[in-house]
Number of protein chains: 4
Amino acid sequence: MTAQTELIRPEAEADEDSAKRRQIIDGARTVFMSQGFDAASMGEIAKAAGVSKGTLYVYFPSKEELFGAIVRQECKAQAEGLFVFDTDDHDVEAVLNRLGNGYAHFLCRKGASSPLRTVIAIAERMPEIGKAFYQTGPERGIKALAAYLDTQNAAGALNVPDTEIAAAQFMDACQSTLFKPVLFNFAPIPNDERIAYVVGIAVRTFLAAYRPR
Amino acid sequence: MTAQTELIRPEAEADEDSAKRRQIIDGARTVFMSQGFDAASMGEIAKAAGVSKGTLYVYFPSKEELFGAIVRQECKAQAEGLFVFDTDDHDVEAVLNRLGNGYAHFLCRKGASSPLRTVIAIAERMPEIGKAFYQTGPERGIKALAAYLDTQNAAGALNVPDTEIAAAQFMDACQSTLFKPVLFNFAPIPNDERIAYVVGIAVRTFLAAYRPR
Amino acid sequence: MTAQTELIRPEAEADEDSAKRRQIIDGARTVFMSQGFDAASMGEIAKAAGVSKGTLYVYFPSKEELFGAIVRQECKAQAEGLFVFDTDDHDVEAVLNRLGNGYAHFLCRKGASSPLRTVIAIAERMPEIGKAFYQTGPERGIKALAAYLDTQNAAGALNVPDTEIAAAQFMDACQSTLFKPVLFNFAPIPNDERIAYVVGIAVRTFLAAYRPR
Amino acid sequence: MTAQTELIRPEAEADEDSAKRRQIIDGARTVFMSQGFDAASMGEIAKAAGVSKGTLYVYFPSKEELFGAIVRQECKAQAEGLFVFDTDDHDVEAVLNRLGNGYAHFLCRKGASSPLRTVIAIAERMPEIGKAFYQTGPERGIKALAAYLDTQNAAGALNVPDTEIAAAQFMDACQSTLFKPVLFNFAPIPNDERIAYVVGIAVRTFLAAYRPR
DNA sequence: GATGAATGAGCCTTCATTCAT
DNA sequence: AATGAATGAAGGCTCATTCAT
């Protein structure tokens with residue numbers, strides 16, 4: 001039985017997840033995300049990953065494919081756990097505040113803008129990458145919030161005619177004046193206080209519009 | 001006569017605004033804004049401008065400088081005339097609707113995303129360009145709207161505690177769900193109806209929060 | 001018994017003729033002869049042979065050596081059985097016709113040109129290979145035919161002063177206008193009729209010159 | 001009038017025949033013809049031509065194109081003036097002897113085999129090049145000789161049923177045993193005497209078959 | 001001032017070969 | 001013996017930049 005179990009062992013590093021592969025992806029992310037697709041060179045990536053240039057091509061057939069793998073991985077990492085709601089939590093104000101602050105922090109945090117810039121830049125030539133990024137990122141967040149709003153509509157805690165648009169507008173309002181200066185790369189990361197202030201206004205506006213009188 | 005001829009030419013090589021210079025800038029804008037900084041080649045730019053590659057370097061010392069000049073010029077063209085308000089117009093709802101629709105159309109219009117992608121991409125390496133773009137574009141719009149809101153506060157038509165943030169959040173709300181899919185390059189330009197619908201919600205939300213009871 | 005077993009296996013790892021070695025040679029021939037020395041890659045050869053790249057180097061120390069082995073083997077396969085003569089057959093016309101047609105078919109047949117091109121190409125850099133190919137191929141044919149002509153001289157059926165040159169000229173005449181267009185890779189394989197026509201003229205010319213009056 | 005004449009002057013070096021272009025072609029021929037297409041590197045060609053690698057690509061868009069230009073030029077140089085016949089010269093034996101010796105010398109001369117090997121090698125991948133080479137070389141020679149034979153048929157000096165095949169077979173016979181060892185790159189260039197001997201046999205055979213009794 | 005020929009550094013990619021397992 | 005992961009030296013080609021005319 002033990003022997004059998006051993007035989008079953010699922011060929012742990014099937015190439016899809018070997019150490020070298022991860023090593024390459026890590027090096028490539030660093031370089032791609034800080035330089036952009038064009039300015040990143042395979043040589044630099046190889047050096048950053050600590051492998052030879054040839055090895056890069058053992059794992060990825062081209063620069064494009066390597067880049068695609070990076071972005072796909074980056075997508076999964078977006079806002080993990082941020083858009084998780086407790087349906088039974090009817091304190092909408094608190095929920096929105098928590099979400100808004102988390103979201104603004106996530107967006108403006110150090111290192112968040114580079115990947116975003118890189119993806120936006122490449123979207124011109126590789127639309128599928130732009131689409132994948134949007135759908136696994138912003139869109140999923142909006143949909144999740146909208147679903148929560150639906151439950152609160154049903155619970156009578158809110159009265160939102162179009163929950164999806166309300167959700168999107170709320171998310172956008174939470175980063176107004178905060179994120180664009182970071183994205184355009186000339187402003188320091190806003191501090192907690194400032195973020196809380198802006199999110200507070202967003203929440204108040206939202207509730208003024210959608211809280212049942 | 002020869003002397004006179006010489007005297008007539010007013011500032012012969014004004015460099016800053018010669019026809020050739022404009023010609024180059026025009027050609028360069030087309031190429032830069034549609035391909036991005038890295039993918040654009042000086043050769044292609046020269047061809048688009050109808051001059052020789054050497055001439056490019058007579059007017060601009062490097063590709064970077066030429067690109068900077070393009071973006072600086074592009075900034076000036078942003079949303080011209082969109083953020084012009086009639087202070088005496090107290091029909092805030094109408095004003096916001098007009099502005100919101102104009103803004104969303106402007107953002108999502110064909111050809112608008114490429115330059116934006118290009119600027120965002122280069123902001124990583126050239127922060128001053130990102131700054132210049134933001135300040136002459138989004139920021140100016142926000143400031144202009146905030147100023148109008150100030151006047152309406154004063155006139156008693158509104159009650160907005162922080163007009164700058166309110167302005168920014170309103171602008172952002174007008175493009176929610178509309179612009180990002182275009183920026184990420186996978187969705188068609190939204191139609192007028194859809195835009196009006198989203199803007200309508202933004203306006204209602206704004207007024208619900210800020211119209212004096 | 002054990003001893004016997006050991007004694008039985010005649011030259012266990014004869015290296016020179018192991019199954020793996022033959023396997024590699026077979027795969028390599030396909031690739032080398034259809035792509036040429038430079039265009040053939042060791043990777044492709046490994047795949048064609050169904051072994052790993054590393055194994056190639058277990059049997060052959062370099063690409064050059066492997067190629068050499070292929071060509072040496074290819075030499076042996078040249079025109080097997082074509083240049084076999086019945087010394088007692090005094091119907092020279094029939095013998096030459098049979099030989100000429102067989103030779104022209106052999107030269108022009110599908111797949112014959114690629115190896116030839118490959119050998120000619122490599123002769124520049126590896127003269128020994130060119131020499132081996134010529135001597136085991138064309139030269140052997142010429143010598144064999146010359147020997148037959150000698151016997152017919154002796155039998156009084158022919159009167160050929162220089163049988164070796166006569167043999168070579170006859171062989172060449174049999175493929176005139178037929179083979180070069182195939183070798184230069186722009187003409188289809190000539191049909192049987194055309195071949196028979198050209199060979200017929202070669203035979204008539206030969207007999208006109210060398211048949212005793 | 002003089003001025004006008006000057007203006008008309010046809011822009012002498014239209015790029016098609018500039019000194020640099022010739023310089024590149026010369027360098028490229030040396031390298032291509034001695035190494036073959038694949039083994040020749042653009043870097044080595046640049047060095048041989050005394051220009052930079054970039055300059056190569058100013059004049060030729062790719063390695064293939066450059067190679068094609070070399071071969072096209074090489075075609076023109078084939079057997080210039082060898083296949084010129086005096087129709088009124090009825091001394092066929094002398095004509096054929098002169099032609100045969102010239103042809104064999106031309107084929108076997110130092111430096112002649114390399115281009116041939118190179119063209120044969122590349123014919124696998126670039127059939128048009130093989131075709132162009134054959135048609136401007138061997139074929140033209142055959143056609144020219146056939147035309148001469150036609151005139152001598154008409155003049156009653158010969159009786160050749162198929163002049164084209166007779167021409168081709170004669171040409172081939174002139175190099176039998178001589179050229180292949182050179183092509184396969186292991187034999188020294190045959191001396192004049194040996195050539196004359198082989199050609200002499202070819203001529204005798206031809207006349208035995210085709211001289212009217 | 002304007003040109004365009006020329007450059008050379010650098011890019012992505014391939015491939016013969018090696019070596020630990 | 002056999003593997004296949006890893007390497008590093010090229011290779012073809014592009015392009016920002018320079019400079020003689």
- Task: Grab the CZ-P distance between B:Phe67 and F:dA16 for me, whole Å please.
- Result: 13 Å
- Under the salt bridge (Lys or Arg N to Asp or Glu O under 4.0 Å) test, residues paired with A:Arg125 that sit two or more places apart: A:Asp38
- For D:Arg22, what residues pass the salt bridge (Lys or Arg N to Asp or Glu O under 4.0 Å) criterion, not counting sequence neighbours? D:Asp17
- Item | Backbone N/O of D:Phe60 and side chain of D:Glu65: donor-acceptor pair under 3.5 Å | no
- Query: Expressed in angstrom and rounded to an integer, what is the separation of B:Asp38 atom CG from F:dT14 atom P?
  - Reply: 17 Å
- Item | Near-strand residues of residues 40-47 of chain A, defined as heavy-atom separation under 4.0 angstrom from DNA chain F | none
- Message: Test of understanding: with side chain to side chain contact (heavy atoms under 4.5 Å, CB included), list the residues that count as partners of B:Lys53, not counting sequence neighbours.
- Response: B:Ala46
- ring-ring contact (aromatic ring centres under 6.0 Å, His included) contacts in which one or both residues fall within residues 38-57 of chain C, not counting sequence neighbours: none
- Could you check how far CZ of D:Phe60 sits from P of E:dA5, rounded to whole Å? 14 Å
- Starting at atom CG of D:Leu56, determine the distance to atom P of F:dG11, rounded to an integer number of angstrom. 13 Å
- Task: State which residues pass side chain to side chain contact (heavy atoms under 4.5 Å, CB included) with B:Ala121; sequence neighbours excluded, sorted by chain then number.
- Result: A:Ala121
- Determine: side-chain N/O of C:Thr55 to OP1/OP2 of F:dT3, distance under 4.0 Å, yes or no. yes
- Message: Can a side-chain donor-acceptor contact be found between C:Glu124 and D:Ser114 if the only test is distance below 3.5 angstrom?
- Response: yes
- Between E:dC11 atom C1' and A:Phe37 atom CZ, what is the distance in whole Å? 12 Å
- List DNA chain E stems (3 or more consecutive Watson-Crick/G-U pairs, under 3.5 Å)? E:2-21 with F:2-21
- Message: Taking the nucleotide of DNA chain E with the nearest heavy atom to each, does D:Gly50 or B:Lys20 sit closer to the 5' end?
- Response: B:Lys20
- Kindly say whether C:Pro127 contributes a backbone atom to a donor-acceptor pair with the side chain of D:Asn185 at under 3.5 angstrom? no
- Taking only the side-chain nitrogens and oxygens of C:Ser52, find out if one of them lies under 4.0 Å from OP1 or OP2 of F:dG4. no
- Partners passing side chain to side chain contact (heavy atoms under 4.5 Å, CB included) against A:Glu128 (at least two apart in sequence or in another chain): A:Met126
- Item | With sequence neighbours excluded, residues passing side chain to side chain contact (heavy atoms under 4.5 Å, CB included) with D:Gln35 | D:Val31, D:Ala39, D:Ala40, D:Glu44
- Task: Report the distance from atom NZ of B:Lys63 to atom P of F:dT14, rounded to the nearest whole Å.
- Result: 15 Å
- Message: Between D:Ala39 and B:Ala39, which residue's closest nucleotide on DNA chain F lies nearer the 5′ terminus?
- Response: D:Ala39
- Note on the structure: From the candidates E:dT3, E:dA5, E:dT7, the one with an atom nearest any side-chain atom of B:Val58 is E:dT3
- Message: So, using ring pair (Phe, Tyr, Trp, His ring centres under 6.0 Å) as the criterion, who are the partners of B:Phe186 when residues are at least two apart?
- Response: A:Tyr134
If you restrict it to nitrogen or oxygen atoms, what contacts under 3.5 Å exist between nucleotides 18-21 of chain E and the protein, and what is each distance?
none

- Can you tell me how far C1' of E:dA6 sits from CZ of D:Arg21, to the nearest Å? 17 Å
- Task: Taking ring pair (Phe, Tyr, Trp, His ring centres under 6.0 Å) as the test, write out the residues that go with C:Phe32, two or more places apart.
- Result: C:Phe37, C:Phe67
- Can you tell me the distance, in whole Å, between the CG atom of C:Leu66 and the C1' atom of E:dC15? 15 Å
